[in-house]
Amino acid sequence: MIKGTPSKESIGQVIDRLGSDPAFREKMLGDPKAALAEHGIDVDEDKIPAVRKLPSMEDMKLNREAYQQQLSDKLGYQVFFLR
């Protein structure tokens, strides 16, 4: 799903915004490719699930390190959206 290898910094920025920015969360649900591109992460549109759900903002904050590790894996984004 992810093209290339995103930096840990980029992944951390996405996680932080998902835990604090309602507008970014909406963008991530509506247009994940554009939302991730804001952080230099390129994804294959064909691999983005049609039905998407995100963990709560509170959960994102509480489990930041676990999400950081999960999203460092190229398949992690796909699994993440299916929560």
Side-chain angles (χ1 to χ4, degrees):
M1 181 173 173
I2 298 173
K3 299 176 183 177
T5 303
S7 70
K8 287 186 178 186
E9 181 179 283
S10 295
I11 293 170
Q13 291 170 351
V14 169
I15 293 168
D16 291 341
R17 286 189 71 191
L18 289 173
S20 65
D21 184 345
F24 183 73
R25 290 174 62 83
E26 287 300 316
K27 186 170 189 174
M28 182 69 102
L29 289 170
D31 189 355
K33 184 170 178 67
L36 293 169
E38 290 180 18
H39 296 280
I41 301 171
D42 188 21
V43 296
D44 182 355
E45 283 185 87
D46 296 338
K47 304 290 184 191
I48 297 172
V51 176
R52 298 178 283 272
K53 183 179 176 187
L54 295 171
S56 70
M57 288 175 61
E58 187 64 27
D59 189 53
M60 293 299 303
K61 292 176 196 174
L62 291 173
N63 298 297
R64 185 187 190 286
E65 296 304 316
Y67 287 125
Q68 175 95 27
Q69 182 147 0
Q70 179 184 4
L71 295 177
S72 293
D73 174 20
K74 290 188 177 200
L75 295 175
Y77 279 95
Q78 189 166 9
V79 173
F80 183 77
F81 279 125
L82 299 175
R83 294 185 169 269

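Nothing here was measured: the structure is a model prediction, and the numbers come from that model.
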Could you grab the distance from atom CG of Leu54 to atom CZ of Arg25, nearest 0.5 Å is fine? 5.0 Å
Gap between atom CE of Met60 and atom CZ of Arg17 - 0.5 Å precision: 12.5 Å
Heavy-atom pair of closest approach, residues Arg52 and Gly30: NH2-O, 3.5 Å
Nearest-0.5 Å distance that lies between atom CG in Asp44 and atom NZ in Lys33: 7.0 Å
Of the options Asp31, Asp42, Val14, Ile48, which is the one that meets Leu36 in a side-chain contact (heavy atoms from CB on, under 4.5 Å)? Val14
Taking the side chain as everything from C-beta on, heavy atoms only, tell me whether Tyr67 gets closer than 4.5 Å to Ile11. no
Quick one: closest heavy-atom pair of Leu18 and Met57, and the distance? O-CG, 3.5 Å
Please report the closest heavy-atom contact between Gly19 and Lys61, naming both atoms and the distance. O-CE, 2.5 Å
Donor-acceptor check, side chain of Gln68 to backbone of Lys8, threshold 3.5 angstrom: yes or no? yes
From CD (Gln13) to CG (Asp21), nearest 0.5 Å: 12.5 Å
